[in-house]
Amino acid sequence: MACSTLKLNSLSITNNSFSSRRGSPSLSTTRRVSLPIRASSYTDELITTAKTIASPGRGILAIDESNATAGKRLASIGLDNTETNRQAYRQLLLTTPGLGEYISGAIFFEETLYQSTTDGKKFVDCLREENIVPGIKVDKGLVPLPGSNNESWCQGLDGLASRSAEYYKQGARFAKWRTVVSIPCGPSALAVKEAAWGLARYAAISQDNGLVPIVEPEILLDGDHPIERTLEVAEKVWSEVFFYLAENNVVFEGILLKPSMVTPGAEHKQKASPETIANNTLTMLRRRVPPAVPGIMFLSGGQSEVEATLNLNAMNQSPNPWHVSFSYARALQNTVLKTWQGRPENVEAAQKSLLIRAKANSLAQLGRYSAEGESEEAQKGMFVKGYTY
């Protein structure tokens with residue numbers, strides 16, 4: 001870790017000591033203490049990277065599904081889960097002409113970071129040509145949290161510094177770490193604290209190795225709770241997250257957030273309007289997120305493509321202290337995958353589908369989106385109870 005010791009208003013500490021054996025009077029001694037301040041050599045670059053990703057009319061394409069999850073997506077169109085098929089699908093996405101007009105960053109799974117097109121061009125270079133910043137998923141997935149109410153914690157801190165340094169060398173400039181909080185399971189104080197602490201440690205390690213950390217405590221849609229309960233939990237979670245980010249000396253100007261939107265539980269009897277979701281979500285953000293943070297890149301969390309875009313659009317009807325945008329996976333890819341069907345002759349049509357969704361969310365980021373003319377497929381919900389990546 002690159003750090004320096006600076007004397008900031010050198011602190012005076014007075015120590016009163018007594019010697020009962022000699023009966024001596026109290027003796028006062030004063031020590032001058034310098035306070036250590038973390039000063040990463042990457043700070044300026046981190047801030048520039050974060051601002052580039054949080055640029056007007058652009059958001060993040062999340063294609064960081066694990067190989068197992070990618071296999072489920074491929075199986076839905078009748079393809080085997082092979083590296084060749086995964087590479088072919090990612091090539092379709094990453095070589096889409098004009099993608100950089102609407103997409104500022106793309107999150108990779110580790111396999112993808114080291115892959116190339118069939119013509120031998122590295123996927124990282126494909127992104128750079130479109131002015132898209134490459135990112136990398138660095139967590140190692142969720143495991144049961146002992147002592148909790150059947151909740152999870154995210155693993156992956158071991159070896160993270162060395163892995164991050166290698167990812168930086170390969171061209172990645174931002175990172176993603178996803179942990180989850182479940183409302184039906186409580187959430188317990190233990191689970192919230194573990195999620196917040198893990199995110200803060202990951203963020204500090206990422207920044208120390210030149211990667212802008214995306215901070216993502218996903219509050220799962222599972223449950224039948226009202227929107228007011230989601231707001232209450234979200235405020236608690238983000239309060240803990242920012243406390244521990246500050247404790248770990250994370251530079252707020254060099255991070256991005258990936259929160260869940262504040263919605264009712266997926267099984268709640270009353271559906272909320274985009275305006276209600278926007279109002280509750282922005283209320284939570286204004287109460288918890290410092291304006292120093294450059295970008296809020298929402299996850300879709302199983303909403304339909306159209307729902308995710310409508311809700312984002314509603315949040316951008318008036319100016320916000322931060323860039324309010326998207327970091328979508330299924331909400332950008334669902335129609336694309338079904339259009340492609342694994343057939344080479346469908347690649348161009350599938351890429352056009354991706355541009356349609358990317359442009360729709362670009363317009364939503366600018367507050368100019370209309371759902372008129374959206375396809376029936378784009379309006380289908382994608383919530384899966386207990387969904388894992």
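Just so you know, residue 1 is the first one in the sequence shown, and it goes up from there. Reckoned from all heavy atoms, side chains included, excluding hydrogens, waters and symmetry mates.
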Between [Y] and [X], is the closest basic N to carboxylate O distance under 4.0 Å?
X: Glu65; Y: Lys72; result: no
X: Arg229; Y: Glu232; result: yes
X: Lys169; Y: Glu166; result: yes

For Thr52, enumerate each residue passing the side-chain hydrogen bond (donor to acceptor under 3.5 Å, both in side chains) test, keeping only those at least two apart in sequence or located in another chain. none
Aromatic ring pairing Tyr244/Trp197, orientation class (parallel under 30°, perpendicular over 60°, tilted between): perpendicular
Got a list of side-chain donor-acceptor pairs under 3.5 Å for residues 128-136, not counting sequence neighbours?
unit_1 : atom_1 : unit_2 : atom_2 : d
Arg128 : NH1    : Asp125 : OD1    : 3.4
Glu129 : OE1    : Lys121 : NZ     : 3.1
Glu129 : OE2    : Lys121 : NZ     : 3.1
Glu130 : OE1    : Gly100 : N      : 3.0
Glu130 : OE2    : Gly98  : N      : 3.1

Decide yes or no on side chain to side chain contact (heavy atoms under 4.5 Å, CB included) for Tyr102 and Asn361, but give the supporting numbers first. CA-CA 8 Å; Tyr102 313 117; Asn361 286 290; over 6 Å; no
Would you mind telling me which of Ile296, Val215, Ile107 makes a side chain to side chain contact (heavy atoms under 4.5 Å, CB included) with Lys258? Ile107
Modelled atom types, side-chain donor and acceptor of Thr112 and Arg90, under 3.5 Å: yes
Could you measure the distance from the [atom1] atom of [X] to the [atom2] atom of [Y]? Nearest 0.5 Å is fine.
X: Phe243; Y: Asn248; atom1: CZ; atom2: CG; result: 10.0 Å
X: Lys359; Y: Tyr369; atom1: NZ; atom2: OH; result: 12.5 Å
X: Phe326; Y: Gln365; atom1: CZ; atom2: CD; result: 8.0 Å
X: Tyr89; Y: Ile63; atom1: OH; atom2: CD1; result: 8.5 Å
X: Leu355; Y: Ser362; atom1: CG; atom2: OG; result: 11.0 Å
X: Thr230; Y: Leu221; atom1: OG1; atom2: CG; result: 8.0 Å

Sub-3.5 Å donor-acceptor pair from the side chain of Glu111 to the main-chain atoms of Asn67, do we have one?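 Not confirmed, Glu111 side chain does not pair with Asn67 backbone.
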So does Ile219 get a backbone contact from the side chain of Ser260, meaning a donor-acceptor N/O pair under 3.5 Å?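 Indeed, once roles are kept as given, a pair shorter than 3.5 Å links the two residues.
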If two hydrophobic side chains count as joined below 4.5 Å and joins carry through other members, does Phe109 share a cluster with Leu299? no
Mind listing the closest non-hydrogen atom pair of Val250 and Ile255 along with its distance? CG1-CG2, 3.5 Å
Please report the shortest heavy-atom distance between Asn81 and Gly71, naming the atom on each side. CG-CA, 3.3 Å
Less than 3.5 Å apart, which donor and acceptor atoms pair up between the side chains of residues 282-291 and the rest of the protein, not counting sequence neighbours?
unit_1 : atom_1 : unit_2 : atom_2 : d
Thr283 : OG1    : Asn279 : O      : 2.7
Arg287 : NH1    : Glu235 : OE2    : 2.5
Arg288 : NE     : Glu235 : O      : 2.8

